[in-house]
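To start, the structure under review is shown below, and the notes come after it.
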Amino acid sequence: MENTTKISALAITLNEAEVIEGFISSLWFADEIIIVDSFSTDKTVELASKFDKVKVLLRKFDNFSDQKNYAIAQAKNDWVVFFDPDEEVTKSMGEEILVVLEHPKAIAYYVKRELYFMGKRIKYSGFQTDWVIRVFNKKQCRYNGNLVHETLDANGPTEKLQTRLPHHTYKSFDNYTGKLHRYSALQARMLYDKKKKPTLFHFLFRPFYRFWHQYLLRLGILDGKEGFILAYINAFSVFKRYVNLWLLYRKIN
């Protein structure tokens with residue numbers, strides 16, 4: 001299918017050597033591919049640089065919003081796709097994007113992600129409503145400044161794509177928990193900047209609530225043992241967030 005609308009594909013990376021080649025190949029429909037890497041210690045940069053349409057930029061990671069907004073600023077084209085390396089951009093996804101951008105009716109497009117965890121498709125656990133913007137016009141969109149769990153602010157009409165986006169976030173148990181711990185540290189920094197102080201309530205109630213909300217109210221129990229593990233890990237990451245916040249106050253004081 002001929003692409004008359006020029007598209008820039010963007011991604012931020014850190015140690016993604018295991019998936020980077022397949023990920024870049026899945027962006028066949030883009031006219032340029034920009035990878036902003038946070039000084040990976042594996043072969044991510046070496047492997048990505050082998051592709052003709054790819055431009056690799058090295059930038060020290062400060063937070064997700066700044067890193068992604070920096071990537072957007074490097075794009076030559078107005079229309080941007082911004083996927084994560086652990087998301088599977090299927091051929092049908094690329095084809096739908098090309099069709100939609102021939103005559104766009106919105107300035108940003110949501111896609112629904114389908115989470116795979118420990119080799120299993122997670123249908124509940126709060127992920128049944130996991131819609132994220134992955135296609136947008138850079139002139140009217142920008143990430144909101146959150147250090148983590150950043151969202152794209154779209155200044156105009158949005159629509160949804162039909163094609164689903166498989167999300168293979170799980171590489172190993174240690175990798176997944178390590179990712180959540182990094183998120184917890186960034187969330188603690190956000191709370192610290194807002195002058196929020198941890199209390200016993202945060203240490204006891206917040207993790208407890210997160211577990212039961214995800215496992216029961218969001219039907220994680222229907223995802224079997226994987227649903228239980230997800231709820232437990234996420235509850236512990238909430239506890240870790242407030243530990244990190246407490247440590248920030250101890251460090252400053």
Check your understanding: Is there a donor-acceptor pair under 3.5 Å between the side chain of T44 and the backbone N or O of S40?
Key -> no
Check your understanding: Can you tell if the side chain of L186 reaches within under 4.5 Å of the side chain of F64, non-hydrogen atoms only?
Key -> yes
Practice item. Determine, using the 4.5 Å side-chain heavy-atom cutoff (strictly less than), whether I107 and L98 are members of one ILVMFWY cluster. Key: no
Practice item. Report the distance from atom CG of L245 to atom NZ of K197, rounding to the nearest 0.5 Å. Key: 10.0 Å
Revision key, fill the gap. Heavy atoms of N146 and N63 approach each other most closely as O-OD1, 4.2 Å
Practice item. Evaluate the side-chain proximity of Y215 to L230: yes if any heavy-atom separation is below 4.5 Å, no if none is. Key: no
Practice item. Look only at the side chain of T158 and the backbone of A108, and say whether a donor-acceptor pair between them is shorter than 3.5 Å. Key: no
**Study point:** Heavy-atom neighbours of F61 CZ exceed 12 at 6.0 Å
**Key:** yes
Revision key, fill the gap. Minimal heavy-atom distance between V80 and A75, with the atoms involved, is CG2-CB, 4.1 Å
Practice item. Following the transitive rule for hydrophobic clusters with a side-chain heavy-atom cut-off under 4.5 Å over Ile, Leu, Val, Met, Phe, Trp and Tyr, establish whether V132 and I12 coincide in one cluster. Key: no
Review point. Is K68 positioned over the aromatic face of F82, cation under 6.0 angstrom from the ring centre and no more than 45 degrees off axis?
Key: yes
Point to revise | Residue pair L58 / V45, side-chain heavy-atom distance below 4.5 Å | key: yes
**Study point:** Donor-acceptor contact below 3.5 Å, side chain D78 vs main chain K138
**Key:** no
Practice item. Inspect the surroundings of OH in Y110 and state if more than 12 heavy atoms from other residues, nucleotides or ligands are less than 6.0 Å away. Key: no
Practice item. Kindly say whether F23 contributes a backbone atom to a donor-acceptor pair with the side chain of S26 at under 3.5 angstrom? Key: yes
Review point. Aromatic rings Y232 and F228: how do their planes relate, parallel, tilted or perpendicular, breaks at 30° and 60°?
Key: parallel
Review point. If you draw a 6.0 Å radius around NZ in K91, do more than 12 non-hydrogen atoms from other residues or ligands fall strictly inside?
Key: no
Check your understanding: Is there a donor-acceptor contact under 3.5 Å from the side chain of D223 to the main chain of I122?
Key -> no
Review point. Under 6.0 Å from the CZ atom of F173, do we count more than 12 heavy atoms belonging to anything else shown?
Key: no
Practice item. Evaluate whether atom OH of Y124 has more than 12 neighbouring non-hydrogen atoms of other residues, nucleotides or ligands under 6.0 angstrom away. Key: no
Revision key, fill the gap. On a heavy-atom basis, the closest approach of Q67 and K60 is OE1-O, 3.6 Å
Check your understanding: Does the K120 side chain pair with the main chain of K225, one donor and one acceptor, at a distance under 3.5 Å?
Key -> no
Check your understanding: Does CD in Q140 sit with more than 12 non-hydrogen atoms of other residues, nucleotides or ligands closer than 6.0 Å?
Key -> yes
**Study point:** Validation row: L10, V81 side chains within 4.5 angstrom (heavy atoms)
**Key:** no
Point to revise | Spatial distance of atom CG (N244) from atom OG (S237) [nearest 0.5 Å] | key: 10.5 Å
Exercise for review: Carefully, step by step, assess Y192 and Y249 under the rule ring-ring contact (aromatic ring centres under 6.0 Å, His included).
Suggested key: CA-CA 8 Å; Y192 181 82; Y249 277 101; 4.8 Å; yes
Practice item. Using the side chain to side chain contact (heavy atoms under 4.5 Å, CB included) rule, take V99 and E95 through it: C-alpha gap first, then chi angles, then the decisive distance, then the call. Key: CA-CA 6 Å; V99 170; E95 291 173 346; 5.7 Å; no
Point to revise | Residues D153 and R142 bridged, charged N to O under 4.0 Å | key: no
Exercise for review: Would you tell me whether R206 and T199 have side-chain atoms, one donor and one acceptor, within less than 3.5 Å of each other?
Suggested key: no
Study note, to complete from the structure: Between the NZ atom in K196 and the CG atom in L248, the distance rounded to the nearest 0.5 Å is 15.5 Å
Exercise for review: Please check if the side chain of E96 supplies one atom and the backbone of T163 the other of a donor-acceptor pair under 3.5 Å.
Suggested key: yes
Exercise for review: Identify whether NZ of Lys or CZ of Arg in K160 sits under 6.0 Å from the centre of the six-membered ring of W131 and within 45° of that ring's axis.
Suggested key: yes
Exercise for review: Please check if the side chain of K112 supplies one atom and the backbone of Q128 the other of a donor-acceptor pair under 3.5 Å.
Suggested key: yes
Practice item. Ignoring hydrogens and angles, state whether a donor on the side chain of T13 or D37 is under 3.5 Å from an acceptor on the partner side chain. Key: yes
Review point. Please walk me through it: do Y183 and H149 pass side chain to side chain contact (heavy atoms under 4.5 Å, CB included)?
Key: CA-CA 8 Å; Y183 289 171; H149 296 313; 4.0 Å; yes
Review point. Nearest 0.5 Å, what's the CD-CG distance between E226 and L115?
Key: 11.0 Å
**Study point:** Working for side chain to side chain donor-acceptor pair (under 3.5 Å), residues D31 and S8
**Key:** CA-CA 6 Å; D31 298 278; S8 295; over 6 Å; no
Point to revise | Flag if over 12 foreign heavy atoms under 6.0 Å of NZ, K53 | key: yes
Review point. E32 side chain to A9 main-chain N or O, any donor-acceptor pair under 3.5 Å?
Key: no
Practice item. Verify side chain to side chain contact (heavy atoms under 4.5 Å, CB included) between S65 and N144, making sure each step is shown before the conclusion. Key: CA-CA 7 Å; S65 285; N144 62 0; 3.7 Å; yes
Check your understanding: How about T129 and R218: do any of their side-chain heavy atoms sit closer than 4.5 Å?
Key -> yes
Exercise for review: Would you please test E114 and R121 for salt bridge (Lys or Arg N to Asp or Glu O under 4.0 Å) and show each step?
Suggested key: CA-CA 7 Å; E114 296 180 339; R121 165 84 166 89; 3.7 Å; yes
Practice item. Tell me, with the steps shown, if V54 and I24 meet side chain to side chain contact (heavy atoms under 4.5 Å, CB included). Key: CA-CA 8 Å; V54 173; I24 290 174; 3.7 Å; yes
Check your understanding: F236 vs F239 aromatic rings, parallel, tilted or perpendicular, using cut-offs 30° and 60°?
Key -> tilted
Exercise for review: Look at the rings of Y176 and Y170 and say which category their plane angle falls in: under 30° parallel, 30 to 60° tilted, over 60° perpendicular.
Suggested key: tilted
Study note, to complete from the structure: What one should report as the nearest heavy-atom pair of P157 and A106 is O-CB, 3.2 Å
Review point. Closest heavy-atom contact between T5 and L101?
Key: OG1-O, 2.9 Å
**Study point:** L216-Y209 co-clustered via ILVMFWY side chain contacts under 4.5 Å
**Key:** no
Review point. When the ring centroid of Y116 is compared with that of H167, is the distance short of 6.0 Å?
Key: no
Check your understanding: If we only count heavy atoms from C-beta on, is the D66 to Y143 side-chain gap below 4.5 Å?
Key -> no
Review point. Taking everything shown except K55 itself, do over 12 heavy atoms lie less than 6.0 Å from its NZ?
Key: no
Exercise for review: First locate atom CD of E88, then atom CZ of R113, and finally report the distance between them rounded to the nearest 0.5 Å.
Suggested key: 13.5 Å
Check your understanding: Considering only heavy atoms from C-beta outward, does the side chain of M93 approach that of V111 to under 4.5 Å?
Key -> yes
**Study point:** T177 OG1 to N234 CG distance, which is reported to the nearest 0.5 Å
**Key:** 11.0 Å
Practice item. Indicate yes or no: at least one non-hydrogen side-chain atom of N77 is less than 4.5 angstrom from one of I7. Key: no
Check your understanding: How far apart are the closest heavy atoms of A235 and F211, and which atoms are they?
Key -> CB-CB, 3.7 Å
Review point. Hey, are D86 and K179 close enough for a salt bridge, meaning a charged N less than 4.0 Å from a carboxylate O?
Key: yes
Practice item. Using atom types as modelled and distance alone, determine if a side-chain donor or acceptor of D84 lies under 3.5 Å from a backbone N or O of E87. Key: no
Point to revise | Salt bridge flag under 4.0 Å for residues D62 and R59 | key: yes
